[in-house]
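Here the structure comes first, spelled out in structure tokens, and everything after it is commentary.
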Number of protein chains: 2
Amino acid sequence: MNDLSNHEQAIELLQELGLKEYEAKAFVALTRLPQGTAKEISDISEVPRTRVYDAVRVLETKGLVEIQHANPQRFRAVSIDEAAETLRREYEDRVDSLRTSLREIEPAVPAENTEVTHEVWALSGGSAITSRTQQLVDESDDEVILVIGDESAYTPELQERLQAAGDRDVSVVIGITEESLRERVQRELPNAKVFASGLEWLNSSAETGDETVIRRLLLVDRNTILVSSFHEDLGEGHEHEQAVFGRGFDNGLVAIVRRLMYTGLLSNVEA
Amino acid sequence: MNDLSNHEQAIELLQELGLKEYEAKAFVALTRLPQGTAKEISDISEVPRTRVYDAVRVLETKGLVEIQHANPQRFRAVSIDEAAETLRREYEDRVDSLRTSLREIEPAVPAENTEVTHEVWALSGGSAITSRTQQLVDESDDEVILVIGDESAYTPELQERLQAAGDRDVSVVIGITEESLRERVQRELPNAKVFASGLEWLNSSAETGDETVIRRLLLVDRNTILVSSFHEDLGEGHEHEQAVFGRGFDNGLVAIVRRLMYTGLLSNVEA
DNA sequence: ACCCACCTTCACTCACATAATCACAATAAG
DNA sequence: CTTATTGTGATTATGTGAGTGAAGGTGGGT
């Protein structure tokens, strides 16, 4: 009976989607009824009866609820799919407007200050990291070395870009832990050297007791690296991927990773 | 130079998408720079320098900003498309979860109280109204009379459903004010009787001075109606469509509209 | 080695939005 | 007419975020 859980989760999600607590609770309550009065809603949600009216009026203006003006007033939620679609569209529109607005804003360049070496950037979130990974592969000029520690980090888009890199004579070397994936990658990227990653020791959860694994490890042209790690994370239940990427041949971090990858990993390739 | 406008609009949109004011301002500021320090961000946004750090950290965890841990720290926004995509996905996921959660919640039926006649429901928002209109057409059993006061109210989806109604021997009658649209509808719905709406007098903005127009007027099986009106609305600039729909042959509202449509409008059809 | 300017963090106040409660008017039922 | 229930509005409490300042840290210049 994790129905309670669903119930609460729905309320939370609605709030994250911009509804107030009372609005969210009232909507979920209405979802459980074919229709309802303020009193009924108040009974099964925990919204004070006198506040149900305000909440429902707001929901009505958002297109999520219909109101029957009688005495007592009766309220009815639109279907779940209709509600979802309404909300989805609302945000879709906002994101589109945002994109447009941002493009129109003129850049401000206060000071020339483009020191390009020794950068080390931190970033988080799977999609941001995926995107940066692809970008770095696209930029590659000479050599790409990539260790994949997790099947989900190997996407079709990445595959394409690796292929493209290979096609323009970039040397592509890929290390993979899982054997099944290794075979698949070898098949899909005939130009690349695919080898068994000697990386297992990095993901030593047994010893350290933490649940962090290295998911991606990328070295481009010997002067740019990206490392991402993945936490199952604290009871929160929400997982998270974090990464750093660094540029500059003489960047300390880059140097360490370069050394690591060349000595610890590439020895397997030639062998 | 409504660039200011774009600037402010972007900030507002970001807040509607869940960012705090400082976070939104900082992000927009970063969008205008290839990269920036806390001071630079503070200068071109109106975020106190000491709070730029908090804001940017939050942005980083959302995958919108990258951080360079140096002294001074440097920040960089991801590309506009990347940011938009990240936000879009975030909400897409939430809506999907919401749909799932809502489906799982068991219904609660506190009291049998399903009085089906004499309903009059109020609803707002173009999409909710469109959806209800289509649903009513789908339910039609015998006769559909629809007056369209606005080209945008005649969508391909609606056309399909009217077609389908006609195919199952429902009598479809459509009134339209604009001549150009009338020809098109007649062409697309050969089964339907399309006529010049005698409805102009309803949209008497000249006399009443208000900017409200009747957008849709629907009568289904002589016992269910839907009326929607559209306001250009107060300086707010945000337009809004509102509607009522009612059920029950002996429902007063339904009776009035039925009478109106039969006498005032349908006389044209036979003529 | 020291000072000084700046960077960064943190704790705190204030204002405002929202949650929560109450008083009262309107309506319907008995 | 009485009474219970419904609906509206005002009022109070609470929590969050905006805005400000103090204090510690860092690096550069003397």
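None of these values were measured; they are calculated from a predicted model. Residue numbers start from 1 in every chain, and the chains themselves are labelled A, B, ... in the order their sequence lines are given, proteins ahead of strands. In what follows, every heavy atom counts, from backbone to side chain, and hydrogens, waters and symmetry copies are set aside.
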For [X], all residues meeting side-chain hydrogen bond (donor to acceptor under 3.5 Å, both in side chains), sequence neighbours excluded:
| X | value |
| --- | --- |
| B/E60 | A/S124 |
| A/R99 | B/D81 |
| B/Q73 | none |
| A/Q135 | A/R132, A/E139 |

Item to check | Contacts of type side-chain contact (heavy atoms from CB on, under 4.5 Å), residue B/S131, not counting sequence neighbours | outcome: A/E82
Next on the checklist: Using the side-chain contact (heavy atoms from CB on, under 4.5 Å) criterion, which residues pair with A/S127? Sequence neighbours excluded.
Outcome noted: B/T86, B/R89
Item to check | Side-chain donor-acceptor pair present, A/R51, A/S42, cut-off under 3.5 Å | outcome: no
Checklist entry - So with a 6.0 Å cut-off around CD of B/E46, is the heavy-atom count from everything else above 12? => result no
Checklist outcome for this item: Per the under-4.0 Å heavy-atom filter, residues of residues 20-30 of chain A near DNA chain C come out as A/K20, A/E21, A/Y22
Checklist entry - Does B/I129 reach the side chain of B/T133, with side-chain heavy atoms less than 4.5 Å apart? => result yes
Checklist entry - Got A/V28 and A/K25 here, is their nearest side-chain heavy-atom distance under 4.5 Å? => result no
Using whole Å, report how far [atom1] of [X] lies from [atom2] of [N].
| X | N | atom1 | atom2 | result |
| --- | --- | --- | --- | --- |
| B/D54 | D/dG19 | CG | P | 13 Å |
| A/R74 | D/dT5 | CZ | P | 16 Å |
| A/I67 | D/dT6 | CD1 | P | 17 Å |

Next on the checklist: Restricting to ring-ring contact (aromatic ring centres under 6.0 Å, His included), what partner residues turn up for B/Y91, sequence neighbours left out?
Outcome noted: A/Y91
Checklist entry - What residues, two or more places apart in sequence or in another chain, satisfy ring-ring contact (aromatic ring centres under 6.0 Å, His included) together with A/Y53? => result none
Checklist outcome for this item: With a 4.0 Å cut-off (strictly under) to non-hydrogen atoms of chain A, the first and last hit nts on DNA chain C, 5' to 3', are C/dT18 to C/dT27
Next on the checklist: Protein within reach of the bases, or only the backbone? For nucleotides 8-14 of chain D, mark each nucleotide 5' to 3' as B, S or -, using heavy atoms under 4.0 Å.
Outcome noted: BBB----
Checklist entry - Touch check for A/P48, heavy atoms < 4.0 angstrom, all strands: base, sugar-phosphate only, or nothing? => result base
Checklist entry - More 5' along DNA chain C: A/Q15 or B/P72, using each one's nearest nucleotide? => result B/P72
Checklist entry - Looking only at heavy atoms, which two atoms of B/D150 and B/R215 are closest? And how far apart? => result OD2-NE, 3.2 Å
Checklist outcome for this item: Here the helical stems involving DNA chain D, each at least 3 consecutive Watson-Crick or G-U pairs closer than 3.5 Å, sorted by first residue number, are C:1-30 with D:1-30
